[in-house]
Amino acid sequence: MEQQNQMRNGEAPLISIKMRAAQGGPHERGGRHISGEERIVAEDGVEACLRDMLERARTHQRGRADFMNLKLQLLYPAEALYRPMLDFSECEAHTVREGRETARRELLAAGVSERAAQAGIEAIAALPDSMRGAMILDCESGERLDRLGCRGIRVSNMDVADPDAFRQALAARHLCGDHVREALVLASKVAGGDGVVAELCWSDDPQYVVGYVGSPRNGYRRIPVLKEKGCGIGGRVFYVRPGTDLDALREYYEEKLVFITAGAEGYVTPKN
Ligand code: PML
Ligand code: MG
């Protein structure tokens with residue numbers, strides 16, 4: 001790629017790299033989802049990023065991928081929105097039962113009804129296998145609003161604004177690792193969506209039992225255990241207010257380029 005030729009208004013492009021890996025063929029032909037990852041890097045970071053992604057898909061806890069799709073695309077930072085990283089705090093839970101009860105309480109505190117909180121927990125627990133995207137639920141009735149079946153709504157085109165500042169912000173909270181970094185970036189973009197009240201997530205990686213409730217009101221509330229070890233099923237539910245424009249929300253989640261800031265600069269408070 002000739003960067004000189006790609007400059008726009010004196011601005012060098014960044015490269016978005018998206019990877020999705022499956023077992024038994026491509027996702028769209030019934031392959032089982034193994035892992036997905038996304039980074040936005042400067043041009044000189046592409047090779048290192050690709051190496052990391054290949055390694056991750058080859059050694060994933062969900063199994064060895066036999067299909068991988070890689071997509072590289074130029075992006076211009078001037079087109080991006082900046083959103084702050086959600087405030088991070090940890091809840092206490094020692095068993096799955098305690099974890100799910102905590103999730104229910106956190107959802108209520110975030111503005112979700114009792115009925116909808118229960119419906120979201122049950123919806124993830126009842127999945128036959130992990131979805132690549134999220135289910136959208138009405139925060140009052142608990143009814144599923146998207147018609148995207150096991151595809152769900154995806155959240156894409158996002159990364160940290162400044163990797164070093166983000167790493168330091170995590171280290172200051174004694175956090176490290178890909179799971180929490182990626183989840184915080186995603187949850188911060190999700191909470192900035194118009195009409196969004198809360199998100200519930202737990203991991204689909206068999207050895208990783210952690211999850212969280214994210215919300216504009218209370219930030220990222222990490223819950224140490226939400227499923228049994230060895231279980232490879234997890235997922236995400238996004239709760240929205242009745243009347244939310246789902247097409248606009250989907251466009252923001254899937255298309256809009258968003259950088260998450262962990263330092264003091266570039267902060268834009270989520271609108272909710
Ligand atoms: C996932 O990576 O599958 C979701 C991880 C959610 C919890 C991340 C954390 O706070 O450690
Ligand atoms: Mg996973």
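Residues: numbered from 1 along the sequence shown. The model shown is predicted, which means the values in this text are computed figures rather than measured ones. Whatever order the structure lists them in is the order used to number ligands and atoms, beginning at 1.
For Trp202, no nitrogen or oxygen atom sits less than 3.5 Å from a nitrogen or oxygen atom of ligand 1, counting backbone and side chain alike. The N/O atoms of Arg236, backbone and side chain alike, include none that comes under 3.5 Å of an N/O atom in ligand 1. In terms of polar-atom proximity, Tyr212 is not counted as a contact of ligand 1, lacking any N or O under 3.5 Å from an N or O of the ligand. Among the atoms of Asp205, none of the N or O lies under 3.5 angstrom from an N or O of ligand 1.
Annotation: atom 2 (O) of ligand 1 to nearest protein heavy atom, His179 CD2, 3.0 Å. Looking from atom 10 (O) of ligand 1 to the surrounding protein, the closest heavy atom is Tyr220 OH, 2.6 Å.
One hydrophobic cluster, built from ILVMFWY side chains closer than 4.5 Å, cannot hold both Leu186 and Tyr208; they sit in different ones.
Between the Asp146 side chain and the Met135 main chain, no donor and acceptor come within less than 3.5 Å of each other. Within the 3.5 Å criterion, the main-chain N or O of Ala78 finds a donor-acceptor partner in the side chain of Glu11.
Residue Glu28 qualifies as enclosed at atom CD: its count of foreign heavy atoms under 6.0 Å is above 12. At most 12 heavy atoms of other shown residues, nucleotides or ligands fall within 6.0 angstrom of atom CD in Glu251.
No other N/O/S atom of Asp204 lies as close to the Mg ion (ligand 2) as OD1 does. Taking the N/O/S atoms of Asp205 in turn, the shortest distance to the Mg ion (ligand 2) belongs to OD1.
For the side-chain contact (heavy atoms from CB on, under 4.5 Å) criterion with Glu199, the lone passing option out of Val155, Leu107, Val237, Val190 is Val190.
When all heavy atoms of Ala103 and Leu226 are compared, the closest pair comes out as CB-CD2, 4.0 Å.
Proximity of Asp204 to ligand 1, defined as any heavy-atom pair under 4.0 Å, is shared by backbone and side chain alike. Contacts between Ser203 and ligand 1, counted as non-hydrogen atom pairs separated by less than 4.0 Å, involve both the backbone and the side chain.
The Arg222 neighbourhood of ligand 1 comprises atoms 9 (C), 10 (O), 11 (O), with distances under 4.0 Å to a heavy atom of that residue.
Rounding to the nearest 0.5 Å gives a distance of 4.0 Å between CD1 of Ile124 and CG of Leu200.
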